[in-house]
Amino acid sequence: MEAQEIQLQELKVEAFIDEQVKAISEAVGDGLAVNALSGGVDSSVVTLLGHRALGDRLKTYFIENGLMREGEPQYVVDVFDALGVKVEIVDAQDQFFGALKGVTDPEEKRDKGITQVFYKDVFGKLVKDCGAKVLLQGTNYTDVEETVAGVKRQHNILAQLGIDTVQEYGYTVLEPIIQLRKPAVRVVGEALGLPEEIFTRPPFPGPALAARVIGEVTLERVALVRAATTIVEAELCDSGAFQYLAILHEDKVTGLRDGKRDFGYQIEVRCWESTDAVTGTPTDLPFAVLRGLADRIIAEVPGVVSVTYNIAPKPPSCIEAV
Ligand code: XMP
């Protein structure tokens with residue numbers, strides 16, 4: 001059945017929460033379910049809906065794919081610990097980097113490098129090991145829309161692409177927030193008692209920093225974009241923008257350091273005004289802010305000689321680069 005959008009102005013939060021909790025309880029029965037928590041607002045909301053419905057019968061995992069922000073695994077475990085939800089970290093870095101090796105095509109990265117490893121290898125095993133039959137995940141309305149329209153294969157779109165998850169991976173997928181866009185998901189998160197730092201968090205893509213490395217995703221190249229991300233997030237967190245990020249380019253360029261030629265990396269900064277990620281315009285950041293970003297990235301991220309700012313709107317640009 002195709003999901004119908006529930007617009008923010010027609011959302012009845014408490015009724016929505018009750019309905020989803022009931023739907024999860026009915027679907028899981030007296031069995032177990034699992035879910036992956038990335039620390040983003042979507043998966044955080046689904047985690048709390050799932051725990052309301054199932055309590056300890058929902059096993060929540062943070063998949064350490066080696067592609068997340070600095071310090072993210074422990075941060076997420078601590079935030080949810082304070083909410084009474086136990087989160088187990090699963091180290092799957094080798095599996096993700098193994099699958100991403102040599103892959104440069106964006107859609108192949110998402111499919112072979114992220115989707116297959118995540119759903120088939122990592123969750124296929126976790127679900128089997130704990131005897132669950134259901135995976136809860138935070139697919140939202142925009143994810144479906146973009147994938148179905150052929151804009152981009154979002155890593156978490158399965159049934160809408162004709163994938164039978166029971167046959168392919170051995171479990172059913174439930175998507176409690178599939179009718180909502182981001183602003184509505186945030187409202188539900190607040191009503192569920194998520195801390196403000198989580199329900200207002202800027203979006204972060206499922207494929208994580210792999211969506212921000214143009215060309216091959218290696219440990220070294222992810223470390224560069226991760227360091228740049230930390231700086232961009234720290235410098236722009238008060239900008240009020242919808243989303244801000246750093247991208248590592250594939251091409252190197254000639255620079256000059258300490259009087260010598262330095263053939264170095266290029267980091268592109270993006271900062272977006274948007275309400276639902278469907279369209280976006282670049283934020284009119286003061287030049288001094290941009291220069292401050294460049295100074296810090298050049299000083300703190302090894303080997304970077306060029307920093308650019310994307311001034312194209314979406315469309316034709318996209319929020320992420322891959
Ligand atoms: P784009 O790059 O398509 O991004 O303009 C729109 C919004 O979606 C996020 N994004 C993703 N989220 N899986 C996700 O869960 C993905 O594969 C993915 N790709 C992009 C992006 O960060 C932005 O908020």
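Order of appearance sets the numbers: ligands from 1, and atoms from 1 within every ligand.
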Item to check | Identity and separation of the nearest protein heavy atom to atom 13 (N) of ligand 1 | outcome: His155 ND1, 2.9 Å
Checklist entry - Does Gln243 reach the side chain of Lys182, with side-chain heavy atoms less than 4.5 Å apart? => result no
Next on the checklist: Checking a contact table here: which protein heavy atom is nearest atom 7 (C) of ligand 1, and how many Å away?
Outcome noted: Ala277 CB, 3.7 Å
Checklist outcome for this item: In this structure, atom 4 (O) of ligand 1 is nearest to the protein heavy atom Ile319 CB, 3.8 Å
Next on the checklist: Working note: Asn310 + Trp272, criterion side-chain contact (heavy atoms from CB on, under 4.5 Å); need CA distance, chi angles, decisive distance, verdict.
Outcome noted: CA-CA 10 Å; Asn310 181 33; Trp272 294 102; 3.8 Å; yes
Checklist outcome for this item: With heavy atoms and a 4.0 Å threshold, my read on which part of Arg110 contacts ligand 1 is side chain
Checklist entry - Identify the closest protein heavy atom to atom 5 (O) of ligand 1: which residue and atom is it, and at what distance? => result Lys314 NZ, 2.6 Å
Checklist entry - What atoms of ligand 1 come closer than 4.0 angstrom to any heavy atom of Pro205? => result 10 (N), 11 (C), 12 (N), 18 (C), 22 (O)
Item to check | Residue pair Thr308 / His249, side-chain donor-acceptor N/O under 3.5 Å | outcome: no
Next on the checklist: Checking side-chain contact (heavy atoms from CB on, under 4.5 Å) between Thr147 and each of Asn156, Thr139, Ile157, which is the one that passes?
Outcome noted: Ile157
Item to check | Joint cluster assignment, Ile298 & Leu285, ILVMFWY side-chain distance < 4.5 Å | outcome: yes
Next on the checklist: Looking only at protein heavy atoms, which one is nearest to atom 21 (C) of ligand 1, and what is the separation?
Outcome noted: Glu320 OE2, 3.5 Å
Checklist entry - Heavy atom of Ala211 under 4.0 Å from ligand 1? => result no
Checklist entry - Any idea how Phe96 and Phe118 line up, ring-wise: parallel (<30°), tilted (30 to 60°), or perpendicular (>60°)? => result tilted
Checklist entry - Given that the side chain starts at C-beta and the backbone is N, CA, C, O, which of these parts of Pro203 lies under 4.0 Å from ligand 1, counting heavy atoms, or is it both or neither? => result side chain
Checklist entry - Are Lys252 and Tyr265 in a cation-pi setup, meaning NZ or CZ lies under 6.0 angstrom from the ring centre and within 45 degrees of the ring axis? => result yes
Checklist entry - Relative to each other, are the rings of Tyr119 and Tyr169 parallel, tilted or perpendicular (30° and 60° limits)? => result parallel
Item to check | Considering all heavy atoms, the nearest Gly66-Arg226 contact | outcome: O-NH2, 2.7 Å
Checklist entry - What protein heavy atom is closest to atom 2 (O) of ligand 1, reported as residue, atom name and distance in Å? => result Lys152 NZ, 2.6 Å
Next on the checklist: Return the closest protein heavy atom for atom 24 (O) of ligand 1 as residue, atom name and distance.
Outcome noted: Gln243 OE1, 2.8 Å
Next on the checklist: Please check whether Cys318 reaches ligand 1 - meaning an N/O of the residue sits under 3.5 Å from an N/O of the ligand, judged on distance alone.
Outcome noted: no
Checklist entry - Which option, Gln154, Glu146, Lys109, Glu145, owns the non-hydrogen atom nearest atom 12 (N) of ligand 1? => result Gln154
